[in-house]
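One structure below.
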Amino acid sequence: MNDPRSSARYLDLAARLAWRAAGLVEPNPLVGCVLVKDHRIIGLGHHRVFGGPHAEVNALADADLRREDVRGATAYVTLEPCAKMGKQPPCIDALIAAGVARVVCARRDPHPKGLNGAERLEAAGIAVEFTDASRAAIALSDPFVKRVTTGLPWTIVKWAQTIDGRAATRTGESKWISCERSRRRVHRLRARVDAVITAIGTVLADDPVLTARAGWTHRRTARRVVIDPGLETPDSSQIVRTIDEAPLTIVCDDQALRSQQRKVALLTAMGVEVLALGEQDEVSVDGVLRMLVHKHQATNVLIEAGPGLLGRLFEGDLVDEAHVYVAPMLLGDELAKPCVRGRVAERLIEARRLNLSRVKRIDDDVLLVYRR
């Protein structure tokens with residue numbers, strides 16, 4: 001059997017390699033591979049771009065460049081090697097042809113193209129082990145696995161708050177709670193997700209653009225999505241006027257779609273996608289997320305909205321990851337705006353609990369990243 005410490009070391013490395021392609025390979029999974037022989041790393045690879053060679057093939061190519069003999073080596077892979085033809089040939093064929101002796105995986109691939117990869121490797125005489133030694137390697141595939149198994153994207157919420165948990169003053173002033181460097185990080189996140197979702201309240205109050213700031217490497221151009229039951233988004237708003245910079249979807253209720261045909265036609269002519277997903281001044285957030293997967297192949301979505309929508313997301317247990325920027329200021333005003341509202345929790349047992357994943361100081365701000 002494989003040494004768990006070695007598995008953790010090499011799978012952690014494979015995960016770090018794979019993260020280099022975040023925003024470039026989706027809707028495919030992020031995957032990294034490390035080839036080891038006689039306790040030496042002889043090949044490194046990761047899936048670099050959608051449609052390109054997979055991690056195992058790139059690692060084998062790296063070993064070839066190093067003039068290393070792969071026969072008898074162990075491949076540490078963050079996700080079970082695929083077994084069926086897609087845009088690339090099955091990875092198991094490359095591993096079998098190379099003479100790899102063992103494959104150590106962090107988790108099973110739930111996608112139909114990945115099913116039975118381990119069994120086919122074993123049928124070819126290659127030992128296969130699954131291990132939970134590397135949390136990083138397991139977490140790497142969470143967005144892909146969630147989309148494939150549930151039809152929902154990995155949902156990231158983000159907000160900035162004071163020390164006492166307020167997102168704005170009682171008059172709604174929130175610019176700026178977080179520092180400039182914190183705000184730059186948000187732009188970097190926007191540049192790698194598939195969609196950025198907000199609500200009509202934020203559009204009317206802040207008139208945001210929700211694109212990644214110019215100067216960032218745009219790995220992906222995120223679709224902006226406005227949850228707007230009554231179809232109140234002004235055609236003069238920045239989010240509409242910047243349609244040439246990033247696509248825009250406005251989701252309203254059925255009644256608004258039927259009763260405001262002229263506005264629907266105007267927005268559609270401007271390039272806006274207008275959809276109805278709900279009735280009686282209500283739009284299904286779950287439906288919006290599923291629509292983004294089904295229609296736009298979204299894997300990762302970012303929510304930038306006020307406390308009402310965030311409350312609905314937490315109440316519906318739809319939040320996978322939270323990025324909370326805590327600024328070194330305190331309001332102490334009971335009427336200042338909360339970060340999340342709308343839930344009723346009379347006992348602590350009714351609280352939504354998340355796991356602290358990462359802590360980072362950014363100037364005088366602190367970024368707290370929580371996951372399910």
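Counting only distance, with no hydrogens or angles, the side chain of R371 and the backbone of E321 share no donor-acceptor pair below 3.5 Å. The main-chain N or O of V193 is never found under 3.5 Å from a side-chain atom of N300 such that the two would form a donor-acceptor pair.
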**OP:** Using the side chain to side chain contact (heavy atoms under 4.5 Å, CB included) rule, take R223 and K295 through it: C-alpha gap first, then chi angles, then the decisive distance, then the call.
**Re:** CA-CA 12 Å; R223 173 172 293 273; K295 192 169 184 178; over 6 Å; no
Original post:
Should D320 and K146 be marked as a salt bridge (charged side-chain N to carboxylate O under 4.0 Å, His left out) after you check the CA-CA gap, both sets of side-chain angles, and the distance that decides it?
Top reply: CA-CA 10 Å; D320 298 297; K146 185 188 179 190; 2.6 Å; yes
**OP:** May I have the step-by-step check of salt bridge (charged side-chain N to carboxylate O under 4.0 Å, His left out) for D142 and R372, ending in yes or no?
**Re:** CA-CA 10 Å; D142 280 343; R372 282 183 174 274; over 6 Å; no
Subject >> Residue pair K158, L302: steps toward the side chain to side chain contact (heavy atoms under 4.5 Å, CB included) verdict >> reply: CA-CA 7 Å; K158 159 262 163 187; L302 173 64; 3.9 Å; yes
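Using a 4.0 Å cut-off between charged side-chain N and carboxylate O, D38 and R40 make no salt bridge. By the 4.0 Å N-to-carboxylate-O rule, E173 lies too far from R166 to be salt-bridged with it. Between D286 and R290 there is a salt bridge, with a side-chain nitrogen of the basic residue lying less than 4.0 Å from a carboxylate oxygen of the acidic one. A salt bridge links R220 and E26; the closest N-O separation between the charged side-chain nitrogens and carboxylate oxygens is under 4.0 Å. Of the charged side-chain nitrogens involved, at least one lies within less than 4.0 Å of a carboxylate oxygen, so that R183 and E180 count as a salt-bridged pair.
Note: D253 CG to S284 OG = 12.5 Å, rounded to the nearest 0.5 Å. Between the CZ atom in R108 and the CD atom in E80 there is a gap of 5.0 Å [rounded to 0.5 Å]. Rounding to the nearest 0.5 angstrom, the gap separating the CG atom in L44 from the CG atom in D62 is 5.5 Å. Here CD1 of I42 is found 11.0 Å from CG of D64. Values are rounded to the nearest 0.5 Å. The distance from the OG1 atom of T162 to the NZ atom of K337 is 14.0 Å, given to the nearest 0.5 Å. Between the CD atom of E315 and the CZ atom of R312 there is a distance of 11.0 Å, given to the nearest 0.5 Å.
Inter-residue side-chain proximity for R190 and L210 is flagged as met; some heavy-atom pair is nearer than 4.5 Å. Side-chain contact between V57 and C33 is absent, with no heavy atoms from C-beta onward closer than 4.5 Å. Looking only at side-chain heavy atoms (C-beta outward), Y10 and T74 stay at 4.5 Å or farther from each other. Annotation: side chain of C179 is not in contact with side chain of Y325 (no heavy-atom distance under 4.5 Å). Side-chain contact between W19 and L30 is present, with at least one heavy-atom pair separated by less than 4.5 Å. The side-chain heavy atoms of T211 and R224, taken from C-beta on, include a pair separated by under 4.5 Å. Side-chain contact check for Q297 versus D194: every heavy-atom pair is 4.5 Å or farther apart. Contact annotation: the side chain of L79 never approaches that of E56 to less than 4.5 Å [non-hydrogen atoms, C-beta and beyond].
Applying salt bridge (Lys or Arg N to Asp or Glu O under 4.0 Å) to R361 and the options D364, D363, D365 leaves one that passes, D364.
When all heavy atoms of P27 and F144 are compared, the pair lying nearest together is O-CD1, 3.7 Å.
For H46, the ring pair (Phe, Tyr, Trp, His ring centres under 6.0 Å) criterion is met by no residue, not counting sequence neighbours.
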